[in-house]
Peer 1: 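I have a structure here, written as structure tokens, and I will follow up with some questions on it.
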Amino acid sequence: MSQPNNLSSPVTLNSGITIKNRFVKAATSEQLGDKNHDPKPALSTAYARWAEGEVGLSISGNIMIDRTALGEPANVVLDEDSDLNKFRHWTRSATKNGTHLWAQLNHPGKQSPSVLSKNPVAPSAIPLELDMKGVFNTPKALTEDEIWVLIDKFSHAAKLAKSVGFTGIQIHAAHGYLISQFHSAKHNQRNDQWGGSLENRMRFVLEVYKAIRKEVGDTYPIAVKLNAGDFISGGFSEEESMQVAQSLADAGVDLIEVSGGTYESQAMVDPNEAPIKVSTKNREAYFLHYAEAIKQNLSIPLIVTGGFRTAQGMLDAINTGATDFIGLARPLMLYPDLPIQAMNDKQATFDVKRPTTGFKKIDKTLMVDLAWWEEQIHLMGKGQEPQINFSPWLAVWRNFLRIGAMAFKQRRV
Ligand SMILES: Cc1cc2nc3c(=O)[nH]c(=O)nc-3n(C[C@H](O)[C@H](O)[C@H](O)COP(=O)(O)O)c2cc1C
């Protein structure tokens, strides 16, 4: 076995905490919330498996801060009605081996399916532009008072997260959810202090950050997952994103994770589904080009997520200084020992294909991709290993049995 490489070197963040290596399990919505939206025991088992694989930092799937605003039917929610002991069980298992577990806090805004939210909220009353009619209702524009209530809910969820043993927080400001809607000039057409100029559009994320910081103190890490861009006409641009990242760093955020896209342009999982430059698509990781540009001025560490599939690609990204951490979602769902393998073998590769039934239309209608990936987490949650040859049809069937027919209407696009 060769010597461990730089992927194994630790990083200390501004808040003083150290992540033991460069591997980050990016957030993956698990659909393992129970009837009360508390974590099922399977979450503990799956996250313990990632900790055994030596990942330095695990970020939970998006945890909702408001139980009247869900992104998916089996989301976990953290609020005053949560059973905190179930969360403690999860955080204890997930943090073995010195692995960090951070809670990703989210509000879906208008990306809450119509069966879950009759009256979703958003910065402005602008519907999503999707070809799946009726799946998402036109949102209601938030009032100023409602905005402050939501900021309060974010900070309350963060306080609870700290109390139950999460070792940090990640604010989900990417992928077209509520905070990301505030950033976008297309989705945020307010003319008060929360809309208009970029300074106003980024006020919501900054206020959420400040409120959380006040609750958790200076020695507790807070990260933000930020879009490098929305990749839709009139949406959040790369230049704007860089300014927001700088403002977040100036405000005291510990770490920024770079991703991109929204339900309208799904760059986060496939750059071919978004109008991204060919030079960017040709890189192993989709957002390296952005990371390299922003790194020149940014004083805090970055996680780049999306596309990493080879140990060499990961090592190059760290050694060239393009990123400080390697964010991995699908590869870790198939190869939970990836960190150990990549640290010991530069030639290691982690093949990830989009699961398909062979029929594009069926894949889209039945959301095969999502069901298949979640099935991998559910296998891990049962103490089994992931199965690369798992049948896409079986994934859809199990998903159907688990969540019911409604799920197919309710789930994300
Ligand atoms: C099944 C699934 C669930 C996901 N859930 C979340 C989530 O809850 N929060 C989030 O920020 N990103 C989520 N993502 C996006 C991933 O974190 C990541 O940005 C994306 O998959 C690209 O990384 P990869 O190429 O390593 O998979 C999810 C992706 C998949 C495939």
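All ligand and atom numbering here is 1-based and tracks the order in the structure. Numbers here simply count residues along the sequence, with the first being 1.
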Peer 1: Below 4.0 angstrom, N of the basic side chain to O of the carboxylate: do D34 and K86 qualify?
Peer 2: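 Salt bridge between D34 and K86, a charged N being under 4.0 Å from a carboxylate O: yes.
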
Peer 1: Taking both backbone and side-chain atoms of H172, is any N or O found less than 3.5 Å from an N or O belonging to ligand 1?
Peer 2: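 Yes, H172 has an N/O under 3.5 Å of an N/O on ligand 1.
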
Peer 1: Compute the minimum heavy-atom distance from A174 to ligand 1 and say whether it is under 4.0 Å.
Peer 2: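 So A174 does not count as touching ligand 1.
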
Peer 1: Check this for me - ligand 1, A329, N or O atoms closer than 3.5 angstrom, yes or no?
Peer 2: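 Indeed, backbone or side chain, A329 has an N or O that close.
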
Peer 1: Parallel, tilted or perpendicular for H183 and F236, by the 30°/60° rule?
Peer 2: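 If you compare the ring of H183 with that of F236, the planes turn out parallel.
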
Peer 1: Taking N or O atoms only and a 3.5 Å limit, does A27 qualify as a polar contact for ligand 1?
Peer 2: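 Yes; the residue has a nitrogen or oxygen that sits under 3.5 Å from a nitrogen or oxygen of the ligand.
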
Peer 1: Within a distance under 4.0 Å of any heavy atom of W373, pick out the atoms of ligand 1 and give their elements.
Peer 2: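 Contacts of ligand 1 toward W373, numbered from 1: 1 (C).
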
Peer 1: Output every pair passing side chain to side chain donor-acceptor pair (under 3.5 Å) with a member in residues 319-331, not counting sequence neighbours, ordered by first then second residue.
Peer 2: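 Counting only pairs at least two positions apart or across chains, the side chain to side chain donor-acceptor pair (under 3.5 Å) contacts touching residues 319-331 are N6-N319, Y286-R330, K295-D324.
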
Peer 1: Between N62 and ligand 1, find which residue part has any heavy-atom pair under 4.0 Å and reply side chain, backbone, both or neither.
Peer 2: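 Both backbone and side chain.
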
Peer 1: Do NZ/NE/NH1/NH2 and the carboxylate oxygens of K40 and E30 come within less than 4.0 Å?
Peer 2: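 Salt bridge flag = no for E30 with K40.
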
Peer 1: Quick one: do R213 and D254 make a salt bridge, cutoff under 4.0 Å?
Peer 2: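 Yes, R213 and D254 are salt-bridged.
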
Peer 1: May I ask you to list the atoms of ligand 1 that are less than 4.0 angstrom from any heavy atom of L370?
Peer 2: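 Those of ligand 1 that fall under 4.0 Å from L370 are 1 (C).
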
Peer 1: Under 4.0 Å from any heavy atom of T305, which atoms of ligand 1 are there?
Peer 2: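 Answer, ordered by atom number: 18 (C), 19 (O), 23 (O).
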
Peer 1: Polar contacts were defined as any N/O atom of the residue lying under 3.5 Å from an N/O atom of the ligand; does this apply to L328 and ligand 1?
Peer 2: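 The answer is no, given that L328 and ligand 1 share no N or O pair closer than 3.5 Å.
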
Peer 1: For ligand 1, indicate whether the residue E30 contacts it via side chain, backbone, both or neither (heavy-atom separation under 4.0 Å).
Peer 2: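 The answer is neither; E30 stays 4.0 Å or more away.
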
Peer 1: Should the pair F287 and F231 be assigned to parallel (<30°), tilted (30 to 60°) or perpendicular (>60°) ring geometry?
Peer 2: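 Taking F231 first and then F287, their aromatic rings lie parallel (interplane angle under 30°).
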
Peer 1: Do the rings of F182 and F204 sit parallel, tilted or perpendicular, given the 30° and 60° boundaries?
Peer 2: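 Taking F204 first and then F182, their aromatic rings lie parallel (interplane angle under 30°).
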
Peer 1: Just say parallel, tilted or perpendicular for the rings of W50 and Y47, cut-offs at 30° and 60°.
Peer 2: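 Ring orientation, 0 to 90° scale: perpendicular.
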
Peer 1: Checking F325 now: which residues fulfil ring-ring contact (aromatic ring centres under 6.0 Å, His included) with it, not counting sequence neighbours?
Peer 2: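 F325 satisfies ring-ring contact (aromatic ring centres under 6.0 Å, His included) with no other residue.
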
Peer 1: Just to be sure I'm reading this right: ignoring hydrogens, which of Q31, Q104, E375, E72 gets closest to atom 11 (O) of ligand 1? Compare them by their nearest heavy atoms.
Peer 2: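 The residue whose heavy atom sits nearest atom 11 (O) of ligand 1 is Q104.
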
Peer 1: Given R309, R354, K225, identify the one with the heavy atom nearest to atom 19 (O) of ligand 1.
Peer 2: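 Closest candidate by heavy-atom distance is K225.
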
Peer 1: Heavy-atom contacts under 4.0 Å between P331 and ligand 1: side chain, backbone, both, or neither?
Peer 2: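 The side chain, only.
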
Peer 1: Quick check on contacts: which atoms of ligand 1 are under 4.0 angstrom from a heavy atom of A26?
Peer 2: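 Within the 4.0 Å cut-off of A26, ligand 1 contributes 17 (O).
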
Peer 1: Check each of S29, G306, S60, S259 against atom 23 (O) of ligand 1 and report the one with the nearest heavy atom.
Peer 2: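 The nearest heavy atom belongs to G306.
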
Peer 1: Would you please classify the geometry between the Y177 ring and the H175 ring as parallel, tilted or perpendicular, with 30° and 60° separating the classes?
Peer 2: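 Rings of H175 and Y177: tilted, as their planes differ by 30° to 60°.
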
